[in-house]
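Reviewing the structure listed below.
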Protein chains: 2
Amino acid sequence: MQPELSQRQRTILKLIVQEYIRTGRAVGSKSLIERYDLGISPATVRSEMGELEEQEYLAHPHTSAGRVPTDRGYRYYVEYLLDDARLPIPEQITISHQFRQVEAQIESWAKLAAVVLADMSGNLSLVTPPRSSVERMRHFELISLRGRVVLLVAVTQTGMVREVILQLQDEVSQEELSALSQRLNPEIRDLTHEQIRRLAPGASGLASFILEQLADLLRLTEQEAQTEVFAEGLDYVLQQPEIEGGPIAQRLLELLRGGAILSLLLPQLQPGDDVQVIIGKEHRAADLHPFAVVAASYGARNQVAGLLGVVGPTRMPYGRSISIVRYIAQVMTNLLRDIYDEAEDED
Amino acid sequence: MQPELSQRQRTILKLIVQEYIRTGRAVGSKSLIERYDLGISPATVRSEMGELEEQEYLAHPHTSAGRVPTDRGYRYYVEYLLDDARLPIPEQITISHQFRQVEAQIESWAKLAAVVLADMSGNLSLVTPPRSSVERMRHFELISLRGRVVLLVAVTQTGMVREVILQLQDEVSQEELSALSQRLNPEIRDLTHEQIRRLAPGASGLASFILEQLADLLRLTEQEAQTEVFAEGLDYVLQQPEIEGGPIAQRLLELLRGGAILSLLLPQLQPGDDVQVIIGKEHRAADLHPFAVVAASYGARNQVAGLLGVVGPTRMPYGRSISIVRYIAQVMTNLLRDIYDEAEDED
DNA sequence: GTTGGCACTCGTCGATTAGGAGTGCTAACC
DNA sequence: GGTTAGCACTCCTAATCGACGAGTGCCAAC
């Protein structure tokens with residue numbers, strides 16, 4: 001798609017998109033002129049509109065209504081007509097303030113990011129906690145809860161903490177458990193779940209069992225990365241008039257269940273550096289056709305990465321959404337770099 | 001409220017409640033007789049209905065519509081007209097099967113309970129993970145992530161695991177950290193967050209800092225018990241015709257945010273043994289007046305306790321909801337007893 | 001106490017209508 | 001040739017109207 005439109009057509013398209021996003025109603029030639037003085041008459045606007053419709057940037061809901069942007073129209077708007085402003089400084093300050101208030105915990109950050117994203121964009125937000133594609137073991141502890149019931153706590157290289165409750169065959173004292181973990185810890189350090197599993201057969205009964213469990217836990221942690229997602233602002237998106245409790249809303253709720261929406265979205269999002277926008281029918285998944293997504297990845301390079309974005313109707317304030325997503329992705333990236341990366345060359 | 005109704009009035013009330021719950025439409029005398037042969041004429045039913053309305057068990061939406069149960073009517077139904085059946089065995093088996101499939105982790109159980117509760121009741125479910133009102137420290141570990149960044153992992157007596165990222169003043173090697181944790185662990189075992197905090201001033205620089213952080217973390221874990229809640233089945237409840245995307249739905253979504261609904265619900269729920277039902281205006285919180293709640297507490301005695309329940313419109317299948325809530329509370333209780341309690345005298 | 005009959009009430013649904021916003025076309029204008 | 005005013009036409013929206021039907025309440029008869 002080239003910017004083959006005249007300057008006037010671009011102005012008109014821009015105004016129509018903005019006006020439609022603002023009001024939610026199809027916009028007509030006359031009302032457009034009444035609101036914005038372009039120095040031309042409605043009739044001229046109409047002929048330009050006709051041209052824009054010809055090229056599929058606009059559409060008619062029905063013969064005698066105003067124009068509505070098509071997905072292609074939105075795309076052009078996002079690509080060429082949007083002056084991508086930074087988020088205003090006061091809002092930046094509000095956001096980073098909130099991140100400073102919350103406890104220093106990766107999951108808390110992700111949750112907060114979801115809340116802020118939703119509140120500021122007025123749409124549904126999605127945030128996956130940052131995960132590494134290959135987790136390596138760092139350290140584990142065995143803690144006797146009572147009798148044969150033992151809690152296994154594992155920490156990975158990336159600082160993920162996972163626990164699981166084990167039922168042992170026989171009762172084992174805390175001392176023995178501590179001795180075992182002290183013996184095994186150096187061995188399993190930096191290993192992947194496959195490597196740990198390979199160690200298991202060679203070990204004695206209890207040690208072998210623990211190694212198996214560790215491998216399971218590590219594998220599970222990796223898998224969770226695929227499905228775990230924090231979503232906020234459902235109320236906002238369900239308020240949108242084009243969705244409003246109808247069948248689309250039902251569809252969306254189903255997609256949110258168990259993170260199913262992620263598996264539709266992820267294949268289409270390259271882990272590129274900047275914000276990505278997917279509008280309506282550009283989605284490969286038909287279920288997402290009524291929606292637009294503004295998303296970005298974040299994370300410490302080569303370590304852990306996550307995804308965050310907002311989901312709303314194609315009629316969404318793209319400019320604002322993009323600034324917000326970009327800024328929060330940057331905040332999250334900085335937080336993670338402080339934890340993982342060696343280089344500290346940024347504020 | 002006494003059961004001062006005649007046998008026939010009770011039968012009619014029961015049928016009206018059931019019919020209304022089933023169809024969602026106000027039920028009239030004639031249609032009731034057509035469906036259920038009571039051996040009496042519509043006119044007789046009408047006069048009984050009039051009596052029931054007099055006593056506020058039923059209401060008229062408008063002069064010439066059928067009758068609808070009032071909150072009082074539902075209450076009478078739940079109290080006296082419901083033969084509280086157990087959940088059918090096949091469904092019991094399905095449920096316990098699902099719990100056996102999931103990883104042995106308290107949070108996973110709570111999440112699964114929420115999913116099952118929602119799916120089987122067809123309404124919104126709420127499950128708070130089991131928490132102790134006073135958490136005592138069991139064990140902690142310090143893990144160096146890089147440079148001055150350290151991960152603090154703490155395990156409480158009840159097996160809760162919490163972690164936080166710390167920024168130290170100076171760089172400290174993993175060996176020093178391990179030595180420190182080995183020295184402090186015996187000291188802080190079984191202490192509450194207040195007791196730990198009292199130790200801090202007496203300790204050296206780094207140890208003092210760690211103790212403060214531990215106290216914070218422990219306190220935070222207790223506080224989370226107040227707000228953390230797993231909710232599932234939002235789609236079900238938003239499908240209900242009496243709610244359907246309207247302002248009540250918005251209200252509900254707001255209440256779900258950050259677990260606000262819990263602070264409205266908890267004060268009214270005694271941690272009694274059996275299932276509790278709160279119907280419509282019986283809620284102290286006006287925001288909950290459109291809803292009915294069926295809830296029960298679960299947990300290992302004197303150790304940890306949680307709450308689970310379903311939330312739906314007052315027109316909800318009480319009998320079924322009660323059986324489901326009761327059964328799942330029992331399953332969760334058994335799971336927790338296996339972890340915590342000494343006595344193993346039940347299956 | 002129960003029942004059938006009957007007039008009356010009201011909400012629902014479909015059809016009808018008026019109003020209005022917007023278009024597309026054409027002819028005139030600069 | 002692009003621009004504009006004028007105008008007929010389209011079609012959605014909201015309001016109105018009326019038929020329909022479910023349900024009630026009352027009364028007289030059983």
Side-chain angles (χ1 to χ4, degrees), chain A residues 4-13 15-20 22-70 73 241-242 244 246 315, chain B residues 4-13 15-17 19-20 22-70 73 241-242 244 246:
Chain A
E4 62 202 353
L5 301 179
S6 72
Q7 187 52 49
R8 193 168 67 188
Q9 285 170 334
R10 297 168 62 135
T11 308
I12 288 174
L13 178 56
L15 286 180
I16 289 176
V17 171
Q18 286 176 352
E19 195 65 6
Y20 181 65
R22 206 176 55 82
T23 66
R25 276 201 288 253
V27 11
S29 54
K30 197 169 149 213
S31 66
L32 195 69
I33 291 304
E34 272 165 10
R35 216 181 137 78
Y36 305 95
D37 183 16
L38 295 180
I40 52 178
S41 79
T44 311
V45 174
R46 273 204 292 281
S47 90
E48 295 287 31
M49 280 175 162
E51 178 64 20
L52 287 167
E53 190 177 347
E54 192 94 350
Q55 296 190 40
E56 307 217 321
Y57 293 107
L58 297 178
H60 260 190
H62 35 263
T63 322
S64 94
R67 282 353 194 265
V68 162
T70 60
E242 46 263 82
E244 236 239 304
R315 179 188 146 249
Chain B
E4 63 204 351
L5 301 178
S6 72
Q7 187 52 47
R8 193 166 67 189
Q9 286 171 332
R10 297 169 62 139
T11 308
I12 289 174
L13 178 55
L15 286 179
I16 290 176
V17 171
E19 196 65 7
Y20 181 65
R22 206 176 55 83
T23 67
R25 275 201 289 253
V27 11
S29 53
K30 197 169 149 213
S31 66
L32 195 70
I33 291 302
E34 272 166 10
R35 215 181 138 76
Y36 304 95
D37 183 18
L38 296 180
I40 51 179
S41 78
T44 310
V45 172
R46 274 204 292 282
S47 89
E48 295 286 29
M49 279 175 163
E51 178 64 21
L52 286 167
E53 191 178 347
E54 192 96 349
Q55 296 189 41
E56 308 217 321
Y57 293 108
L58 297 178
H60 258 193
H62 33 263
T63 324
S64 94
R67 281 357 193 262
V68 162
T70 59
E242 45 264 82
E244 236 240 304

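In the text below, chain A, chain B and the rest are named by the order of the sequence lines, each starting its count at 1.
- If you measure from atom CZ of Arg67(A) to atom P of dT23(C), you get 5 Å, rounded to the nearest angstrom.
- Residue His60(A) has its side chain nearest to dG24(C) when only dC26(D), dG24(C), dT2(C) are considered.
- In this structure, CE of Met49(A) is placed 10 Å from P of dG24(C), rounded to the nearest angstrom.
- Set against dC11(D), dG22(C), dT4(D), the side chain of Ser31(A) has dG22(C) as its closest nucleotide.
- To the nearest 0.5 Å, atoms CE (Met49(A)) and CG (Leu13(A)) are separated by 10.0 Å.
- Of the candidates dT3(C), dC26(D), dG22(C), the closest approach to any side-chain atom of Arg46(B) belongs to dC26(D).
- The side chain of Thr44(A) contributes no N or O atom lying less than 4.0 Å from OP1 or OP2 of dT3(D).
- Ser47(A) and Thr44(A) form no side-chain donor-acceptor contact under 3.5 Å, judged by distance and modelled atom types alone.
- Between the side chain of Ser64(B) and the base of dT9(C), at least one donor-acceptor pair of N or O atoms lies under 3.5 Å.
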Intermediate values then yes/no, side chain to side chain contact (heavy atoms under 4.5 Å, CB included), Tyr57(B) and Gln9(B): CA-CA 10 Å; Tyr57(B) 293 108; Gln9(B) 286 171 332; over 6 Å; no

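- For Glu53(A), whose side chain is taken as the heavy atoms from C-beta onward, the closest listed nucleotide among dG24(C), dT24(D), dT3(C) is dG24(C).
- OP1 or OP2 of dC11(D) has at least one side-chain nitrogen or oxygen of Thr63(A) nearer than 4.0 Å.
- Remark: Ser29(A) is in phosphate contact with dT23(C), judged by side-chain N or O atoms under 4.0 Å from OP1 or OP2.
- Residue Arg8(A) is classed as a sugar-phosphate contact, given heavy-atom separations below 4.0 Å to backbone atoms only.
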